[in-house]
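Taking it in order: structure first as C-alpha cells, then the write-up.
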Amino acid sequence: NTSGANAIRNTGIYLQGVGSGTVNNNTIANFEAATSETDRGIWLATGTSNVNVTNNTISNMVLTATASSPIGINITTGVANSNVVVSQNN
C-alpha cells in the first residue's frame with residue numbers, strides 16, 4: 001500500500017556516521033507517492049564505512065517528481081576507501 005501508516009516516505013533505511021555495520025535480509029517496499037521527493041531504499045550517507053549491504057529486497061518505489069528518479073541503494077559516504085560491500089540485493 002503506497003499510502004497511510006504502512007507507506008515509507010523518502011528513505012527506507014538510513015545510515016550516517018556508522019563505522020561498521022550490516023544491512024541484511026530486509027524487505028523495503030511501499031513508498032508513498034503523494035510527495036514530490038527522491039525516494040531511496042537504502043542510503044549510506046556521510047561518514048559511513050565498513051558496511052555490508054546484502055540480500056535485501058527493494059520494491060514498489062513510486063516517484064511523482066519529474067527532476068529525479070528513485071534510488072534503490074544510494075552511497076554518498078564521502079569517505080575514501082570506505083569499504084562498503086553491496087551484493088545480492090534485489
Side-chain angles (χ1 to χ4, degrees):
N1 188 348
T2 59
S3 64
N6 293 325
I8 295 174
R9 180 153 179 247
N10 192 266
T11 304
I13 296 175
Y14 180 80
L15 281 72
Q16 180 174 2
V18 174
S20 179
T22 300
V23 180
N24 186 41
N25 290 328
N26 296 285
T27 299
I28 304 164
N30 301 324
F31 286 76
E32 66 92 24
T35 307
S36 179
E37 60 197 7
T38 301
D39 291 333
R40 295 164 178 87
I42 299 170
W43 187 356
L44 307 180
T46 305
T48 300
S49 62
N50 303 308
V51 174
N52 292 318
V53 180
T54 57
N55 300 313
N56 299 288
T57 300
I58 303 169
S59 62
N60 296 334
M61 298 182 80
V62 180
L63 182 70
T64 56
T66 57
S68 62
S69 299
I71 302 168
I73 300 172
N74 193 29
I75 302 171
T76 59
T77 67
V79 176
N81 303 316
S82 61
N83 192 35
V84 171
V85 176
V86 178
S87 68
Q88 299 181 347
N89 297 284
N90 296 309

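Both backbone and side-chain heavy atoms feed into the values below; hydrogens, waters and symmetry mates do not. Along the sequence shown, residues carry numbers from 1. This is a predicted model, so every value here is computed, not measured.
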Using the side chain to side chain contact (heavy atoms under 4.5 Å, CB included) rule, take N89 and V53 through it: C-alpha gap first, then chi angles, then the decisive distance, then the call. CA-CA 8 Å; N89 297 284; V53 180; 4.0 Å; yes
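Counting all heavy atoms, side chain and backbone alike, Q16 lies closest to T46 at CG-O, 3.2 Å. Between M61 and G41, the shortest heavy-atom distance links the atoms CE-N, 3.5 Å.
Once rounded to the nearest 0.5 Å, the distance linking CD1 of I28 with CG of N60 reads 12.0 Å. We find the OG1-CG distance between T77 and L44 to be 8.0 Å, quoted to the nearest 0.5 Å. Note: N10 CG to T38 OG1 = 8.0 Å, rounded to the nearest 0.5 Å. Going from atom CD1 of I73 over to atom CD1 of I13 covers 9.5 Å, rounded to the nearest 0.5 Å. Remark: N83 CG to T48 OG1 distance equals 12.5 Å, nearest 0.5 Å. Taking CZ of F31 as the reference point, atom CD1 of I58 lies at 7.0 Å (rounded to 0.5 Å).
The shortest side-chain heavy-atom distance between N24 and N52 does not fall under the 4.5 Å cut-off. N56 is listed as a side-chain neighbour of V23, based on a closest heavy-atom distance under 4.5 Å. A heavy-atom distance below 4.5 Å is found between the side chains of T11 and R40.
Both I42 and I8 are assigned to one and the same hydrophobic cluster, defined by single-linkage of ILVMFWY side chains at heavy-atom distances under 4.5 Å.
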